[in-house]
2 protein chains.
Amino acid sequence: MIFEIIVRDKKTRARLGKLKTFHGEINTPVFMPVGTQGAVKTLSPEEVEKVGAEIILSNTYHLFLRPGHEIVRKGGGLHKFMGWEKPILTDSGGYQVFSLARLRRIDEDGIYFNSHIDGTRYFYTPELVMEIQKSLGSDIIMPLDICLGYGASYWETKEALEITLRWLKRSIDYKNNSNMDHQLLFGIVQGGFYKELRKEAVERMLNIDLPGLALGGISVGEPKDKMYEIIDYTVSLLPEEKPRYLMGVGAPEDLVVGVSMGIDMFDCVLPTRLARHGVFYTSKGRKNIKNAQYKEDFSPLEEDCDCYTCRKFTKAYIRHLFLQHETFSYRLLTIHNLRFLFRLMENIRKSIREGRLEEFKKEFLTEYLRDDRENRLEKEELWSKLLI
Amino acid sequence: MIFEIIVRDKKTRARLGKLKTFHGEINTPVFMPVGTQGAVKTLSPEEVEKVGAEIILSNTYHLFLRPGHEIVRKGGGLHKFMGWEKPILTDSGGYQVFSLARLRRIDEDGIYFNSHIDGTRYFYTPELVMEIQKSLGSDIIMPLDICLGYGASYWETKEALEITLRWLKRSIDYKNNSNMDHQLLFGIVQGGFYKELRKEAVERMLNIDLPGLALGGISVGEPKDKMYEIIDYTVSLLPEEKPRYLMGVGAPEDLVVGVSMGIDMFDCVLPTRLARHGVFYTSKGRKNIKNAQYKEDFSPLEEDCDCYTCRKFTKAYIRHLFLQHETFSYRLLTIHNLRFLFRLMENIRKSIREGRLEEFKKEFLTEYLRDDRENRLEKEELWSKLLI
């Protein structure tokens, strides 16, 4: 059995599980840091492991463009190329083609697009995306899908879903004939923000033999209440026994809420990207190291944090380095933000084990929200709904 | 005794020594990596120690401007602020005022200048420079001096030397009355490229009680043969028993040549700065990771190097990260370049101990020069002079 559920929470849909992959076992619910170009930005593989990562995500689209999957293959596959021995999940690039590439044209065969780097024209097919991920050798792979923005019409969404489902079949066919047995191909549930389409997607995927199911087309510009609503609805349709991966979502509040809705896997660039903008997570919400109040603050980013950054450096020092554009400060903030999320995931898993996730969720969200004046009202309204 | 000479080379002026400072002992000849803003760019303190650094240099001018020495003092001094427990040398900022600041005006009291960051007007005096370095708490400190470019006239150079000598006395007076006994104040020998002025500088400093002497005003735009000539001449005048520090010089060839001329200490931004431009050192000269020949090169930067980068990553991977502007690649190249220099220093010290520095120098320079087509002819001429 690839996925094993160890504990089911009684009050929510949360589950504690173990997912077996070729490069090792993952404890779920799990957060996956993003290493877009074959490196989690600013960190060494050892540092990624040390903050608590059990699996990372890397981007098929980016590695296809640079350095090219052939080079990664010749280098012994992505694990060896980047010096990371634990599991890797690669996405399909569908989202990147949608968000980064220019002059897209989609037809039944695949997607034509111009590279966001140098404008070169490429043709992306479900088969090519499988071939790329075979070269990369990632443990969990994703099929090419069509990802639409928030606001796409019903018919546009339905057509995209139909193509996505046909592409899934082609991806499976390619995989079955390509000696890729050690790689786990997940299915991606699309359907936008139309519940009937999400339902149709799930129903038509139920009889396909897939080791896991992902929720795609989420966090594409919609308000957070719409996001939570469609996640909650879609997860309610999914089979119990398969791992559920919510693609591209992973703010601290999303992790807590998502797990309680039954999500097992998350990935998000937020902790690493925010770090490079000076933002760091604390249990009382996001803060920015550029803030003048930290000029002579000789305490760590967060008092009880066990990360390298907090054990060794003060806000005043990190602020100084950040303002002087010293890249070491990006690393220090990245380490802290990732460690914050992994400690959060550890607490979430512990809470599920102890049957008190609902209490933990309330405590965490109340505390995390408290000082966040930026969008306090909007969030309070949302949280009050979620906490009921 | 602060400085102890352990072995004197018989064929050259090289010496093997130990320099005692408040934060520990340094094995000379020593190379000091530069941590301008209170961090060796891209590296953690642990990484700096691991590549072999026994002492680092930090810049008084930069720390005075940002974050300000008062903040460093409140943070417990530079060692604590930046998390580095081994010795630190801080320069005086004289060179930075000369090379970075704008609208300089020098008078008997000090130097007026505009910050290179925001144009703020400052007034730098010998006393202020001592006060800053007291706040920083560095182990070896330097007095404010006047640093001129190559081509300065005799009279300009003589006047600068006179002021520098008077400022040295004021620096000593300040230090003696300021509870700074644990900090070692070196004298800076100026005099430009005029041998009689260098001679005068040394003679007038001989009767001053200083724990070490530095050669300043070198590597300021002169050709390399002029540089070596003035170093060689000046060192020949210096007392045997004091450590000699060649400021701002430290290309691999300079280290080997400088040691054989009797230099004990070097600092240079080259290994760290070059790394951020993709340049890496090898025993066969400098190479650039951007070069297309490394696209599918799955070997380390240098085959027999013991650094983290070479033990773990290939040129193809580092090249990919570098071309994608991933800051981790700057770190990987910085680690290698510093380790290259520290291995070179280890070999130099070993050669002195074994009485074969002259042979080592010939071997190293011949090999290091071989593939360097860029300025091969110019260098060959120079080396042929040096090797005779």
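Predicted, not measured: the structure shown is a model, and the values here were computed from it.
- For Leu78(A), no part sits under 4.5 Å from any heavy atom of chain B, backbone or side chain.
- Taking a 6.0 Å sphere around CZ of Phe22(A), one finds it holds 12 or fewer heavy atoms contributed by other residues, nucleotides or ligands.
- With a 4.5 angstrom heavy-atom cutoff, Ser44(B) touches chain A via backbone and side-chain atoms both.
- For a residue to count as touching a neighbouring chain, one of its non-hydrogen atoms must lie under 4.5 Å from one of that chain's; by this rule Ile335(B) does not touch chain A.
- Per-residue heavy-atom pair counts under 4.5 Å with chain A were compared for Glu70(B), Lys295(B), Lys80(B), and the maximum is reached by Lys295(B).
- With hydrogens and angles disregarded, no donor-acceptor distance shorter than 3.5 Å links the side chain of Tyr317(B) to the backbone of Gly83(A).
- At most 12 non-hydrogen atoms from other residues, nucleotides or ligands lie less than 6.0 angstrom from CG of Asn179(B).
- Residue contact with chain A, scored on non-hydrogen atoms closer than 4.5 Å, involves the side chain of Lys312(B) exclusively.
- Within the 4.5 Å cutoff, the side chain of Phe81(A) has no heavy atoms near those of the Phe313(B) side chain.
- The neighbour count for Glu25(A) CD, taken as heavy atoms of other residues, nucleotides or ligands under 6.0 Å away, is above 12.
- Interatomic distance, CD1 of Ile71(B) versus CD of Glu296(A), reported as 4.5 Å (0.5 Å rounding).
- More than 12 heavy atoms of other shown residues, nucleotides or ligands fall within 6.0 angstrom of atom NZ in Lys86(A).
- Here the straight-line distance linking atom NZ of Lys41(A) with atom NE2 of His325(B) works out to 10.0 Å at 0.5 Å rounding.
- No donor-acceptor distance shorter than 3.5 angstrom exists from the side chain of Arg66(A) to the backbone of His320(B), with no hydrogens or angles considered.
- What you find for Tyr308(A) and Pro45(B) is that their closest heavy atoms are OH-CD, 3.7 Å.
- Interatomic distance, CZ of Phe328(A) versus CD of Glu47(B), reported as 7.0 Å (0.5 Å rounding).
- Rounding to the nearest 0.5 Å gives a distance of 8.0 Å between OG1 of Thr327(A) and CZ of Arg276(B).
- Contact of Gln37(A) with chain B is made through backbone and side chain together, with heavy-atom distances under 4.5 Å.
- Expressed to the nearest 0.5 Å, how far CZ of Arg331(A) lies from OG1 of Thr42(B) amounts to 7.0 Å.
- With values rounded to the nearest 0.5 angstrom, Gln324(B) atom CD is found 8.5 Å from His62(A) atom NE2.
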